[in-house]
Amino acid sequence: MQTHYDIVIIGSGMGGGTLAYALRNSGARILLVERGDYLPQEPENWSPEAVFDRERYKPAELWHDQRRGQTFKPGVHYFVGGNTKVFGAAFPRLRREDFAPLEHEGGTSPGWPITYDELEPYYLAAEKIYRVHGQGGQDPTEPPRSAPYPFPAVPHEPYIGALAERLSAHGLHPFLYPMGIDLRPDGACIRCKTCDGFPCQVLAKSDADVCCVRPALQSPNVTLWVNTTATRLLTDAGGRRVTAVELNRNGEKIEVQADIFVSSCGAVNSAALLLRSANTAHPNGLANSSGLVGRNYMVHNNTALMAVDPFRRNDTTFQKTMAVNDFYFSGPDFAYPMGNIQLLGKLQAGMLTAAQPLVPRPILQAMANRSVDWWVMSEDLPHPDNRITLKSNGDIQVYWQPNNRVAHRKLVDAARTMMKAAGYPLVFVEPMGIATNSHQCGTLRFGHDPATSVLDPTCRSHDVSNLYVVDSSFFPSSAAMNPALTIAAQTLRVAEHLQKIM
Ligand SMILES: Cc1cc2nc3c(=O)[nH]c(=O)nc-3n(C[C@H](O)[C@H](O)[C@H](O)COP(=O)(O)OP(=O)(O)OC[C@H]3O[C@@H](n4cnc5c(N)ncnc54)[C@H](O)[C@@H]3O)c2cc1C
């Protein structure tokens with residue numbers, strides 16, 4: 001068994017999978033390490049009961065909610081492709097303004113060490129890799145693009161098209177949301193109901209496994225080890241370089257050496273890996289001279305909203321085609337950013353039973369048949385007290401106190417008003433709690449100053465010269481857009497840098 005590589009990438013999700021793909025022809029010998037296995041293609045992929053009620057694709061793991069003194073089941077998925085195996089495949093860019101400091105009602109959202117314009121070419125490249133279908137020119141907050149979307153937008157079904165017209169008639173600017181599904185002429189997508197939140201049984205969703213890991217493995221230089229968990233990174237005596245990663249491979253402990261190590265375990269698990277790797281040179285955790293490893297954890301402020309018209313059935317199959325950004329930077333009576341409102345995949349009774357166990361299923365089904373379903377999402381702000389730490393037994397502990405809540409309440413109110421005006425007398429909302437950490441980010445923020453950031457603008461550790469992190473950890477702010485495309489774009493930027501230095 002080979003135990004020396006040029007690069008070891010830990011984690012095969014949006015960050016790690018994209019990096020392996022970007023470097024597949026670089027000549028570097030790459031080992032991609034993934035704690036999970038391939039997600040099986042099986043009938044349960046599309047069963048709401050299996051996926052939502054029985055949580056078939058979530059690990060048995062529990063994390064500790066430090067503020068409340070209880071445990072919770074986190075929204076993580078340990079498979080080749082990581083969380084993208086179940087993601088909604090929405091691929092928006094951040095807004096240009098998100099890269100600069102932005103005043104919010106709850107405080108200042110910090111600027112990024114790179115600008116939108118620097119990231120723009122990589123956004124475009126990522127959109128090509130992830131087959132993004134979209135249409136420019138509809139959303140007033142849209143940042144400039146150097147080229148059109150690679151594929152035409154996923155069109156609305158008639159019911160959603162009619163809703164879009166009603167929203168426009170009220171002065172809003174609903175737009176076709178950029179989506180990564182394979183609707184090319186010979187594409188595999190069948191436009192089903194079970195996309196957002198479900199694994200794709202026909203591999204037609206643009207997840208990191210399908211679009212990056214499998215193509216990367218066509219290169220003889222890329223090796224994937226599944227069922228292999230990185231437990232510690234080991235350094236030289238001075239702590240300036242990582243010399244090896246300690247792995248648990250199917251129960252066997254192995255060390256692998258490399259010239260460059262990349263952690264792409266997701267924002268919580270990358271922070272946890274660095275904390276677990278504390279040693280004499282790094283007593284508070286690897287790469288933690290700033291004391292910021294694990295801090296500034298963000299997840300967005302999220303609320304699910306069901307708008308019901310009891311007299312009209314919603315016969316839409318693929319619902320996630322529209323978003324509204326009219327309140328992104330301010331609202332009618334609010335001078336601060338509020339966030340993004342996007343359609344969810346069509347809710348079904350089986351997806352609601354876990355959240356509403358006391359409501360009889362026929363009632364849930366009747367509601368779901370007549371509802372339009374939205375994800376209402378506002379920016380949360382980085383706060384050093386919101387953080388990941390390890391318990392004495394090594395388990396993950398999260399301290400999370402939601403913030404910037406006034407802006408979120410305003411956005412939920414605006415969404416409710418919007419849907420009532422569009423003809424939906426009943427609007428139900430369900431705020432999300434600590435377990436909805438799908439958009440986790442910020443725990444190893446990047447920046448210029450080693451005193452106020454963990455990573456430099458190329459996502460290299462300020463403290464450890466051959467350690468990089470490409471996953472959502474690097475975000476200095478969460479913005480209020482879905483994160484995956486930005487993770488992929490910055491990963492491609494880092495890949496270009498790595499090719500120059502290798
Ligand atoms: C239900 C759901 C819907 C979502 N919808 C969207 C959406 O529509 N659009 C969007 O932009 N984003 C969406 N997201 C978020 C998106 O999936 C994440 O932002 C993205 O996957 C994060 O990429 P990452 O590289 O940081 O982590 P991940 O993609 O989660 O990858 C981390 C990988 O590291 C592996 N790993 C962890 N620890 C170790 C270890 N110690 N050793 C080895 N391997 C390890 C994990 O198994 C995993 O494969 C959604 C997420 C969920 C859960």
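Here the structure is a predicted model, which is why all the values come from computation and not from measurement. As the structure lists them, so they are numbered: ligands from 1, and atoms in each ligand from 1. Quick note: residue numbers are just sequence positions, from 1.
Backbone and side-chain nitrogen or oxygen atoms of G36 are examined, and none is located within less than 3.5 angstrom of a nitrogen or oxygen of ligand 1. An N or O contact shorter than 3.5 Å links A484 to ligand 1 by distance.
For ligand 1, the atoms sitting less than 4.0 Å from at least one non-hydrogen atom of T84 are 17 (O), 21 (O), numbered in the order shown with element in parentheses. Ligand 1 places these atoms under 4.0 Å from at least one heavy atom of N482: 7 (C), 8 (O), 9 (N), 10 (C), 11 (O). With ligand atoms numbered from 1 in the order given, ligand 1 contributes 24 (P), 25 (O), 26 (O) to contacts under 4.0 Å with heavy atoms of D471. The distance from ligand 1 to the heavy atoms of Y78 drops below 4.0 Å at these ligand atoms: 46 (C), 47 (O). Within the listing of ligand 1, atoms 42 (N), 43 (C) sit less than 4.0 angstrom from a heavy atom of I10. Here is the list of ligand 1 atoms found below 4.0 Å of a heavy atom in P483: 10 (C), 11 (O), 12 (N), 19 (O). With ligand atoms numbered from 1 in the order given, ligand 1 contributes 13 (C), 14 (N), 15 (C) to contacts under 4.0 Å with heavy atoms of H439.
Residues Y149 and F151 keep their aromatic ring centres 6.0 Å or farther apart. Residues H64 and F72 keep their aromatic ring centres 6.0 Å or farther apart.
Residue contact annotation: L273 has no non-hydrogen atom under 4.0 Å from ligand 1. Under a 4.0 Å heavy-atom criterion, F79 is in contact with ligand 1. Heavy atoms of V80 stay at 4.0 angstrom or farther from ligand 1.
Between the side chain of R295 and the backbone N or O of L292 there is no donor-acceptor pair closer than 3.5 Å. Not a single donor-acceptor pair under 3.5 Å links the side chain of E42 to the backbone N or O of E44.
A salt bridge links E127 with R93: at least one charged nitrogen is closer than 4.0 Å to a carboxylate oxygen. Ion pairing of K73 with E55 is present here, as a side-chain N (NZ or NE/NH1/NH2) and a carboxylate O approach within less than 4.0 Å. The existence of a salt bridge linking E255 and R249 is excluded, since no basic side-chain nitrogen approaches an acidic carboxylate oxygen closer than 4.0 Å. Ion pairing between a basic and an acidic side chain is recognised when a charged N comes within 4.0 Å of a carboxylate O; D139 and R95 show such pairing.
Among C265, S270, G197, A90, the residue whose heavy atom sits closest to atom 38 (N) of ligand 1 is C265. Nearest-residue assignment for atom 6 (C) of ligand 1 (options G345, G88, G17; heavy-atom criterion): G88. Of the listed options G11, S264, G82, S264 places a heavy atom closest to atom 32 (C) of ligand 1.
The proximity of P92 to ligand 1, defined as any non-hydrogen pair under 4.0 Å, does not occur for either the backbone or the side chain. Contact annotation for T229 and ligand 1: heavy atoms of both the backbone and the side chain come within less than 4.0 Å of the ligand.
S109 approaches E379 most closely through the heavy-atom pair OG-OE2, 2.5 Å.
Results of the ring-ring contact (aromatic ring centres under 6.0 Å, His included) test with F446 over F475, F474, F99 single out F474 as the only residue that passes.
With a 6.0 Å cutoff to the six-membered ring centre and a 45° limit on the axis angle, R35 counts as a cation-pi contact of Y78.
When hydrogens are left out, the protein atom nearest atom 50 (C) of ligand 1 is F87 CB, 3.4 Å; that is the closest non-hydrogen contact.
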